[in-house]
Amino acid sequence: QVQLLESGGGLVQPGGSLTLSCAGTGRIFSFYVMGWYRQAPGKERELVADISSSGSTYYATSVKGRFTISRDNGKNSVYLQMISLKPEEADVYSCNARLNSANANYWGQGTQVTVST
C-alpha cells in the first residue's frame with residue numbers, strides 16, 4: 001500500500017549537515033506516523049525521530065536539539081534535517097511508515113550516511 005524511497009545520504013565531514021528525504025506513495029500517506037531509523041554495523045536498529053499525523057514529534061535523546069523531522073503531506077514526503085553530525089552516526093538511515101490501526105508497517109530500502117574526513 002505504501003512504498004518508501006529515501007534519498008539525501010552521502011559523505012559529510014564531522015560536524016557537517018545533511019538532510020534526508022523520504023518520498024512515499026499512497027493516498028492516505030498523511031495518516032501514517034513517519035519515522036527515521038538508523039542501524040550501524042553490528043548494532044540494533046534504533047529510532048532516531050518520528051512525527052505523527054498530528055505533527056507531534058519524538059527524538060532520541062542523542063539527537064535532540066540537532067535533528068529536526070518534518071513532513072510535507074502534499075508531497076508525500078518526510079525529511080530529517082541533521083546538523084553537527086558525529087562519526088558514530090554514520091549509519092544506514094531508513095524511513096518507516098506506521099499505521100497502528102491497520103497493523104501496517106512499511107520500510108524504505110535505506111540511505112547510507114557516512115560521517116568521516
Side-chain angles (χ1 to χ4, degrees):
Q1 181 66 28
V2 175
Q3 294 177 295
L4 305 172
L5 180 61
E6 303 97 333
S7 62
L11 175 64
V12 64
Q13 301 291 319
S17 300
L18 281 176
T19 297
L20 306 181
S21 299
C22 174
T25 64
R27 183 185 180 93
I28 58 171
F29 177 88
S30 64
F31 296 155
Y32 286 78
V33 177
M34 303 299 301
W36 286 97
Y37 291 73
R38 65 188 178 193
Q39 186 172 28
K43 303 293 184 180
E44 296 294 315
R45 192 193 304 268
E46 66 170 342
L47 174 63
V48 178
D50 66 22
I51 182 167
S52 73
S53 59
S54 65
S56 298
T57 58
Y58 164 85
Y59 296 95
T61 300
S62 62
V63 308
K64 194 173 184 65
R66 296 187 297 115
F67 291 13
T68 302
I69 189 170
S70 61
R71 66 193 298 164
D72 184 338
N73 292 331
K75 297 180 179 179
N76 283 0
S77 296
V78 62
Y79 309 95
L80 185 67
Q81 297 175 296
M82 306 182 292
I83 65 172
S84 301
L85 280 159
K86 305 173 181 180
E88 60 265 34
E89 295 173 322
D91 301 317
V92 174
Y93 285 70
S94 298
C95 181
N96 172 262
R98 174 168 48 86
L99 187 62
N100 289 334
S101 62
N103 196 29
N105 195 27
Y106 300 94
W107 294 92
Q109 294 292 96
T111 186
Q112 177 70 54
V113 172
T114 302
V115 186
S116 180
T117 57

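Predicted, not measured: the structure shown is a model, and the values here were computed from it.
Separating the CD1 atom in Ile51 from the OG1 atom in Thr68 is a distance of 10.0 Å, to the nearest 0.5 Å. Here the CZ-SG distance, from Phe29 to Cys22, works out to 6.0 Å after rounding to the nearest 0.5 Å. The distance from atom OG of Ser84 to atom CZ of Phe67, rounded to the nearest 0.5 Å, is 9.0 Å. Arg71 CZ to Ser52 OG: the interatomic distance, rounded to the nearest 0.5 Å, is 7.5 Å.
At least one donor-acceptor pair under 3.5 Å links the side chain of Tyr59 to the backbone N or O of Ile69.
Under the 4.5 Å side-chain contact rule for hydrophobic residues, Val92 and Val78 do not share a cluster. Val48 and Val33 fall into different hydrophobic clusters, defined by Ile, Leu, Val, Met, Phe, Trp and Tyr side-chain heavy atoms under 4.5 Å apart, directly or through other members. Hydrophobic clustering, with ILVMFWY side chains joined whenever heavy atoms are under 4.5 angstrom apart, groups Leu18 together with Leu80. Neither Leu4 nor Tyr79 shares a network with the other; the hydrophobic side chains, linked directly or stepwise wherever heavy atoms of I, L, V, M, F, W or Y lie under 4.5 Å apart, form separate groups for each. At a threshold of 4.5 Å between side-chain heavy atoms, the hydrophobic network of Ile, Leu, Val, Met, Phe, Trp and Tyr places Tyr37 and Leu85 in two separate groups.
Here the shortest heavy-atom pairing between Asp50 and Leu47 reads OD2-CD2, 3.7 Å.
At least one side-chain heavy atom of Ser94 sits less than 4.5 Å from a side-chain heavy atom of Glu6. Under the 4.5 Å side-chain criterion, counting only non-hydrogen atoms from C-beta, Leu20 is not in contact with Arg38. When side chains are defined from C-beta on, Arg66 counts as touching Lys86, because their heavy atoms get closer than 4.5 Å.
Atom CD of Glu88 sits in a crowded spot, with more than 12 heavy atoms from other residues, nucleotides or ligands closer than 6.0 Å. Taking a 6.0 Å sphere around CD of Gln3, one finds it holds 12 or fewer heavy atoms contributed by other residues, nucleotides or ligands.
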Contacts table for residues 101-117: side-chain donor-acceptor under 3.5 angstrom, sequence neighbours left out:
{"from": "Asn105", "atom 1": "OD1", "to": "Asn96", "atom 2": "ND2", "distance (Å)": "2.7"}
{"from": "Thr111", "atom 1": "OG1", "to": "Gly9", "atom 2": "N", "distance (Å)": "3.2"}
{"from": "Gln112", "atom 1": "NE2", "to": "Asp91", "atom 2": "O", "distance (Å)": "3.4"}

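Checking each of Ser7, Ser77, Cys95 against Ser21 for a side chain to side chain contact (heavy atoms under 4.5 Å, CB included) leaves exactly one that passes, namely Ser7.
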For the pair Gln81 and Ser17, evaluate side-chain contact (heavy atoms from CB on, under 4.5 Å) and give the outcome as yes or no after the intermediate values. CA-CA 8 Å; Gln81 297 175 296; Ser17 300; over 6 Å; no

